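Below is one structure, written out as structure tokens, with a few remarks after it.
Because the structure is a prediction, the values reported are computed rather than measured. Here is how names work: the chains are called A, B, and so on, in the same order as the sequence lines, proteins then strands, and each is numbered from 1.
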Amino acid sequence: MLQLQVIKQDPNLIKERLAVKHFTATGLVDEIVSLDEERKKLQLESDNTLAKVNSASKEIGMLMAKGQKDDAEKRKLEVAGLKTALQPIADQLAATEKQLQDKLVLLPNLPSAKVPPGKTPADNVVVREGGTIPVLPEGSVPHWDLIKKYDIVDFETGAKITGSGFPLYKGKGAKLQRALVQYFLDFNTAAGYTEYLPPLMVNEASAYGTGQLPDKEGQMYYMPADNFYMIPTSEVPVTNIYRDTMLKEAELPIKMTAFSPCFRREAGSFGADVRGLNRVHQFDKVEIVQLTRPDKSEETHDAMVAHVEQLLQTLELPYRILALCGGDMSFASALTYDFEVYSAAQQKWLEVSSVSNFEAYQTNRMKIRFKDSDGKTKLVHSLNGSSWPCQGSWLVCWRIIRQPMASGCRRYYILILEGQKLIK
RNA sequence: GGAGAGGUGCCUGAGUGGCCGAAAGGGCCGGUUUGCUAAACCGUUGUACGAGCUUAAACUUGUACCGAGGGUUCGAAUCCCUCCCUCUCCGCCA
């Protein structure tokens with residue numbers, strides 16, 4: 001969430017910036033400012049009363065020690081009076097704090113200055129393109145048909161075991177999946193990211209920390225018996241590693257990568273978008289996360305975009321990078337670049353990765369801070385990006401099967417054995 | 001799931017109702033001493049939200065925080081309740 005300090009500094013600027021995201025409830029900002037004023041007044045009142053209670057209690061202790069029981073009893077009555085008077089103030093203070101908090105979490109992150117204006121995906125701006133769009137031979141079919149033909153992903157059996165949207169990888173399909181995970185993780189660790197294998201369920205505090213709660217509650221699988229959520233991305237457990245932590249400046253930047261299956265209910269999705277592996281309830285993903293100094297997050301974002309771009313280049317996929325416009329960005333993001341790969345068979349661009357800078361929005365919730373060289377405590381910035389969602393792998397799969405570089409398949413198996421770079 | 005022992009500051013660890021935001025040791029940082037290093041000695045060393053002063057910082061000051069949340073009490077790290085976590089033993093175990 002946004003820092004209260006920042007909002008108070010220039011409420012009008014906040015309103016202007018939020019307008020870029022087409023966030024219209026700017027009355028919220030005013031409410032927050034006045035709730036905070038209210039909170040301060042109540043706190044002052046409450047603190048002053050408590051101070052009186054504390055000093056009276058100390059006196060009572062001393063009077064008791066001296067044996068002056070009657071005086072002590074008198075003071076006790078006084079304290080009782082103070083506490084009665086305090087009760088409504090304390091209640092009001094707690095209510096005001098809660099209201100303030102509830103309003104604060106409703107404000108999305110401010111878009112960075114780099115965010116292009118616009119409302120819909122059509123307004124996103126292409127930043128760069130790379131690779132060559134292949135010309136498919138006559139009679140080419142999309143991946144969901146190829147998968148069937150080669151019997152490497154079995155949706156029907158997945159649906160039988162669990163339900164629709166839970167693919168069952170089989171034989172070479174399973175092996176390719178494993179090989180790609182290895183390849184992407186190795187690619188990331190070679191760039192200095194520390195590898196993690198996180199828990200696949202998280203508690204409420206973690207889901208709240210990265211902003212999935214309360215925003216995305218209905219989109220996560222929930223285990224009521226233990227109050228756990230299945231992770232929708234490893235960003236959640238990985239970013240939460242440092243929740244409530246005071247970092248040393250020298251520890252920054254922190255670069256983490258993790259593979260995990262991801263679970264999403266995708267409630268409300270339907271139609272062509274959900275065909276094949278385009279959108280499923282369980283998919284595998286390798287994620288990169290960085291925690292940086294605030295003044296470094298912009299260049300870190302560029303570096304992470306370049307990193308994912310290189311990865312796509314090694315796969316020789318036709319890609320483009322989009323700067324998401326204000327209206328298409330996610331709630332918590334300040335700047336998002338999407339990667340799309342062109343599927344010649346589906347004849348459309350498919351999102352394969354998304355690299356976002358959250359600035360202090362997530363870390364403010366999670367209280368991930370560091371001491372700067374001037375001794376000031378500051379929030380770090382958090383960024384993350386997917387370096388591989390399932391779609392990407394199956395576009396690769398398409399290449400392996402359709403293109404003459406059929407040896408590529410073997411190439412990935414070599415990767416499993418050697419754990420090394422992509423061999424050309 | 002049952003029984004027991006625990007959870008205190010950066011770390012170890014003391015603290016069973018007031019003088020405890022918290023002993024002691026270690027670490028860290030600053031200083032003195034010193035060819036250098038080490039050692040020794042002195043000092044400092046939490047977070048959050050307020051108030052005062054201030055351009056600001058520094059500083060002074062209030063409140064809260066000893067796993068989390070409630071309760072008892074004039075007063076809680078300390079007593080009671082619930083929950084979470086760690087360790088030991090027993091049970092269960094696809």
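- B:A51 and B:A40: their P atoms are spaced 46 Å apart (whole Å).
- The same atom, P, is picked in B:A38 and in B:U32; the two are 15 Å apart, to the nearest Å.
- Separating the C1' atom of B:U45 from that of B:G50 is a span of 24 Å, rounded to the nearest Å.
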Between protein and nucleic acid, restricted to nucleotides 45-49 of chain B and to nitrogen or oxygen atoms under 3.5 Å apart, what atom pairs and distances do you find?
from, atom 1, to, atom 2, distance (Å)
B:U47, OP1, A:Lys371, NZ, 2.3
B:U47, O3', A:Arg369, NH1, 3.2
B:A48, OP1, A:Arg369, NH1, 3.2
B:C49, O3', A:Arg39, NH2, 2.4
B:C49, O2', A:Arg39, NH2, 2.8
B:C49, O2', A:Gln43, OE1, 2.2
B:C49, O2', A:Gln43, NE2, 3.4
B:C49, O2, A:Gln43, NE2, 2.7

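- The only member of A:Glu251, A:Met246, A:Arg293 that meets side chain to side chain contact (heavy atoms under 4.5 Å, CB included) when paired with A:Phe370 is A:Arg293.
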What side-chain donor-acceptor pairs closer than 3.5 Å can you find for residues 80-88 of chain A, not counting sequence neighbours?
from, atom 1, to, atom 2, distance (Å)
A:Thr84, OG1, A:Ala80, O, 2.8
A:Gln87, NE2, A:Asp91, OD1, 3.1

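- Across all strands shown, nothing is found opposite B:C93 as a Watson-Crick or G-U wobble partner with both distances under 3.5 Å.
- Distance noted for atom P between B:U16 and B:C85: 28 Å (whole Å).
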Atom pairs and distances, side-chain donor-acceptor, residues 51-65 of chain A, under 3.5 Å, sequence neighbours left out:
from, atom 1, to, atom 2, distance (Å)
A:Ser55, OG, A:Lys52, O, 3.2
A:Ser57, OG, A:Val53, O, 2.9
A:Glu59, OE1, A:Arg75, NE, 3.1
A:Glu59, OE1, A:Arg75, NH2, 2.9
A:Glu59, OE2, A:Arg75, NH2, 2.8

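- Spacing between B:U60 and B:C42 at atom P, rounded to whole Å, works out to 23 Å.
- Searching all strands for a Watson-Crick or G-U wobble partner of B:U88 with both distances below 3.5 Å returns B:A3.
- Using cut-offs of 30° and 60° for the angle between ring planes, the A:Phe166 and A:Tyr221 rings count as tilted.
- Nucleotides B:C89 and B:C79 have their C1' atoms positioned 29 Å apart, rounded to a whole Å.
- Legend: residues meeting ring pair (Phe, Tyr, Trp, His ring centres under 6.0 Å) with A:Phe263, ordered by chain and number and at least two apart, are absent.
- In this structure B:A39 sits in no base pair that meets the Watson-Crick or G-U test at under 3.5 Å.
- The CG-C1' distance, from A:Leu247 to B:C10, rounds to 13 Å in whole Å.
- B:U54 makes up no base pair with any nucleotide shown, lacking Watson-Crick or G-U wobble contacts both under 3.5 Å.
- Atom CG of A:Leu93 is separated from atom P of B:A64 by 12 Å (rounded to the nearest Å).
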Derivation and outcome, salt bridge (Lys or Arg N to Asp or Glu O under 4.0 Å), residues A:Asp102 and A:Lys98: CA-CA 6 Å; A:Asp102 289 349; A:Lys98 187 175 183 305; 2.7 Å; yes

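- Going from atom NZ of A:Lys66 over to atom C1' of B:C19 covers 13 Å, rounded to whole Å.
- Annotation: side chain of A:Met304 is in contact with side chain of A:Gln290 (closest heavy-atom distance under 4.5 Å).
- Relative orientation of the A:His301 and A:Tyr337 rings is perpendicular, given thresholds of 30° and 60° on the angle between their planes.
- A:Tyr319 is linked by a side chain to side chain donor-acceptor pair (under 3.5 Å) to A:Glu309, A:Gln313, counting only residues two or more places apart in sequence or in another chain.
- In this structure, B:C79 and B:G71 make a Watson-Crick or G-U wobble pair, each of the two defining distances being under 3.5 angstrom.
- Nucleotides B:U82 and B:G26, compared at atom P, are 41 Å apart to the nearest Å.
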Just the table, please: protein N/O against nucleotides 71-75 of chain B N/O, every pair under 3.5 Å.
from, atom 1, to, atom 2, distance (Å)
B:C74, O2', A:Ser57, OG, 3.0
B:G75, OP1, A:Lys83, NZ, 2.2
B:G75, O4', A:Ser57, OG, 3.3

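- By the 30° and 60° cut-offs, the orientation of the rings of A:Phe187 relative to A:His307 is tilted.
- Residues A:Leu50 and A:Lys8 both approach RNA chain B. Their nearest nucleotides, taken by heavy-atom distance, put A:Lys8 toward the 5′ side.
- When both pairing distances are held under 3.5 Å, B:G62 makes a Watson-Crick or G-U pair with B:C49.
- Rounded to an integer number of Å, the gap from A:Glu204 CD to B:A68 C1' is 13 Å.
- When the P atom of B:C29 is taken as reference, atom NZ of A:Lys248 falls 10 Å away, rounded to whole Å.
- B:U16 makes up no base pair with any nucleotide shown, lacking Watson-Crick or G-U wobble contacts both under 3.5 Å.
- Taking the ring axis of A:Tyr208 as reference, the NZ or CZ atom of A:Arg365 stays within 45° of it and closer than 6.0 Å to the ring centre.
- In this structure, the CG atom of A:Leu82 is 13 Å from the P atom of B:U63, given to the nearest Å.
- Rounded to the nearest Å, the gap between the P atom of B:C66 and that of B:G9 is 10 Å.
- Regarding A:Asp244, its CG atom lies at a distance of 15 Å from the P atom of B:G67, rounded to whole Å.
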